[in-house]
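Below is one structure, written out as structure tokens; comments come after it.
Values below: every heavy atom of this structure, side chains too, minus hydrogens, waters and symmetry copies. Keep in mind the model is a prediction, meaning the values are calculated, not measured.
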Amino acid sequence: MPTNEERRETAKRKLEEQLERRAAQERKRRILTIAGSTVAALVVIGAVVATFVFTSKDSGSTTASAETTTATSGAPAQPAANGQLPAFAAPADLGANCQYPAAGPASKQTTPPRTGKVPTDPATVSVSMVTTQGNIGLQLDNAKAPCTVNSFASLAGQNYFNDTPCHRLTTGGLSVLQCGDPTGQGTGGPGYQFANEYPTNQYQPDNPALQQPVLYPRGTLAMANAGPNTNGSQFFLVYQDSQLPPGYTVFGKIDDTGLATLDKIAAAGVAGGGPDGKPALDVQLKSVALD
């Protein structure tokens, strides 16, 4: 006959298994929601806002990671009432264990960035991006997204972005220029992936707010992905305020010179006249380098 201690251990294991099954179901539901389509209409504060969802075509990954990111200790942060990005509260493990597991073939020869603990100081890192349509200055937010900045800086240092196209411009509801795929097809990546950071890590994984759009303001630099924790090399530059769920890591800002360059690219529109596709102006990244 089992002892009381054995019965308690058995009950504990059953409860843990039940919770894990529920968490797995929730992760699957979120992945399907995010990766199920490329364009969705969301009702935001009584208005219909067109929003764009980055699918596996954009990151070169066909399966979203089951790994989740937890919020900071204490009560999870919430978006501001006016639909802005949430205030940043640093997780206790911020930058403590950056991992870049393999994920498909690399589109351009590269070495994955260093893993483990990475510094959050300096708080910002300056980057100069030279394109065929003008210069774009970036301030990477190392204090909020150190694992992302670590990857971007590593790729820039290896000339991964040099002589690659910005393959996608969106002008219908979502206003971004997407770059970082050496193939120019929206399917390329560096051969590894990594977890989301801010603003995703300001929410508990089961928070319905992760599916609700918030404002990614003009001048935002963020990662494209194929679902939770599938970041690679593709990123997007926001040239007009855009509504997106907070599942896209924000890791920097664009300077005024860069915004002027983006405005010129956006004004020329999409090749063929649609709201989404290759920019009408050919945009090549000639060099991306840390200052």
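Ionic pairing of Asp93 and Lys117 is not present here: no N-O contact between side-chain nitrogen and carboxylate oxygen is shorter than 4.0 angstrom.
The distance from atom OG1 of Thr171 to atom CD1 of Ile265, rounded to the nearest 0.5 Å, is 13.5 Å. Put simply, CD on Gln212 and CD on Gln243 are 10.5 Å apart, with the number rounded to the nearest 0.5 Å. Interatomic distance, OG1 of Thr131 versus CD1 of Ile136, reported as 5.0 Å (0.5 Å rounding). Rounded to the nearest 0.5 angstrom, Leu259 CG and Tyr239 OH are separated by 12.0 Å. Once rounded to the nearest 0.5 Å, the distance linking CZ of Phe161 with CD of Gln284 reads 14.5 Å.
Nearest heavy-atom pair across Gln178 and Ala224 is NE2-CB, 3.6 Å. Nearest heavy atom pair, residue Gly274 against residue Val270, reads O-CB, 3.2 Å. Pairing each heavy atom of Pro165 with each of Gly184, the nearest pair is CG-CA, 3.5 Å. Between Ser151 and Pro113, the shortest heavy-atom distance links the atoms CA-CG, 4.0 Å. The nearest pair of heavy atoms linking Pro190 to Ser233 is CD-N, 3.5 Å. Of all non-hydrogen atoms in Met223 and Gly232, the two that sit nearest each other are CE-O, 3.4 Å.
Looking at Leu140 and Leu221, their side chains come closer than 4.5 Å, going by heavy atoms from C-beta outward. Looking only at side-chain heavy atoms (C-beta outward), Gln139 and Ser126 come within less than 4.5 Å of each other. With a 4.5 Å cut-off on side-chain heavy atoms, Phe152 and Val125 do not count as touching. Counting heavy atoms from C-beta on, the side chains of Leu244 and Val214 never come closer than 4.5 Å. Tyr203 places a side-chain heavy atom less than 4.5 Å from the side chain of Pro86. When side chains are defined from C-beta on, Leu262 does not count as touching Gln133, because their heavy atoms never get closer than 4.5 Å. By the 4.5 Å heavy-atom criterion applied to side chains, Val149 and Asp141 are not counted as neighbours.
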Practice problem: For the pair Thr110 and Leu155, evaluate side chain to side chain contact (heavy atoms under 4.5 Å, CB included) and give the outcome as yes or no after the intermediate values. | Solution: CA-CA 7 Å; Thr110 185; Leu155 292 172; 3.6 Å; yes
Practice problem: For the pair Thr170 and Asp276, evaluate side chain to side chain donor-acceptor pair (under 3.5 Å) and give the outcome as yes or no after the intermediate values. | Solution: CA-CA 4 Å; Thr170 65; Asp276 169 38; 5.7 Å; no
Quiz item: How far apart are the C-alpha atoms of Asn231 and Asn196, what are their side-chain angles, what is the distance that settles it, and do they pass the side chain to side chain donor-acceptor pair (under 3.5 Å) test?
Solution: CA-CA 7 Å; Asn231 302 287; Asn196 290 6; 2.9 Å; yes
Practice problem: Assess whether side chain to side chain donor-acceptor pair (under 3.5 Å) is satisfied between Gln99 and Thr115, documenting all intermediate values. | Solution: CA-CA 5 Å; Gln99 296 296 320; Thr115 59; 4.5 Å; no
Quiz prompt | Pair Ile254-Thr220, side chain to side chain contact (heavy atoms under 4.5 Å, CB included): steps then yes or no | solution = CA-CA 6 Å; Ile254 307 161; Thr220 297; over 6 Å; no
Practice problem: Evaluate side chain to side chain contact (heavy atoms under 4.5 Å, CB included) for Val176 paired with Phe235, printing each intermediate quantity in order. | Solution: CA-CA 10 Å; Val176 307; Phe235 59 92; over 6 Å; no
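Every residue meeting the side chain to side chain contact (heavy atoms under 4.5 Å, CB included) condition with Ser107, not counting sequence neighbours, appears here in chain and number order: Tyr160, Asp181, Pro182, Thr183. Residues forming a ring-ring contact (aromatic ring centres under 6.0 Å, His included) with Tyr100 (at least two apart in sequence, or on another chain): Tyr192, Phe194.
Of the possible donor and acceptor atoms, one in the side chain of Thr261 sits under 3.5 Å from a partner among the backbone N and O of Asn135. A donor-acceptor contact shorter than 3.5 Å is absent between the side chain of Thr132 and the backbone of Lys286. Here the side chain of Asn150 pairs a donor or acceptor atom with the backbone of Arg114 at under 3.5 angstrom. Here the side chain of Asn225 pairs a donor or acceptor atom with the backbone of Gly247 at under 3.5 angstrom. Looking at Glu197, its side chain never comes within 3.5 Å of a backbone N or O of Val250 through a donor-acceptor pair. Looking only at distances, no side-chain donor or acceptor of Arg218 sits under 3.5 Å from a matching main-chain atom of Asp241. In this structure, the side chain of Lys144 does not engage the main chain of Gly252 through any donor-acceptor pair within 3.5 Å. Proximity of a side-chain donor or acceptor of Ser242 to a complementary backbone N or O of Gln240 within less than 3.5 Å is detected.
A ring-ring contact (aromatic ring centres under 6.0 Å, His included) check over residues 207-232, counting only residues at least two apart or in different chains, returns nothing. The disulfide bond (SG atoms under 2.5 Å apart) contacts involving residues 96-142 comprise Cys98-Cys147, where partners must be two or more places apart or lie in separate chains. Sorted by first and then second residue, the pairs that involve residues 153-190 and meet disulfide bond (SG atoms under 2.5 Å apart), not counting sequence neighbours, are Cys166-Cys179. Judged as a side chain to side chain donor-acceptor pair (under 3.5 Å), not a single pair has a partner in residues 249-259 (not counting sequence neighbours).
Under the 4.5 Å side-chain contact rule for hydrophobic residues, Leu85 and Phe236 share a cluster. One hydrophobic cluster holds both Phe88 and Val238 under the rule that ILVMFWY side chains link at heavy-atom gaps under 4.5 Å.
For Tyr198 and Phe251, the gap between ring centers reaches or exceeds 6.0 Å.
With Leu138 as the fixed residue, the side-chain contact (heavy atoms from CB on, under 4.5 Å) test singles out one of Leu237, Val288, Leu290: Leu237.
Inspection of the Thr120 and Asn142 side chains reveals no N or O donor paired with an N or O acceptor under 3.5 Å.
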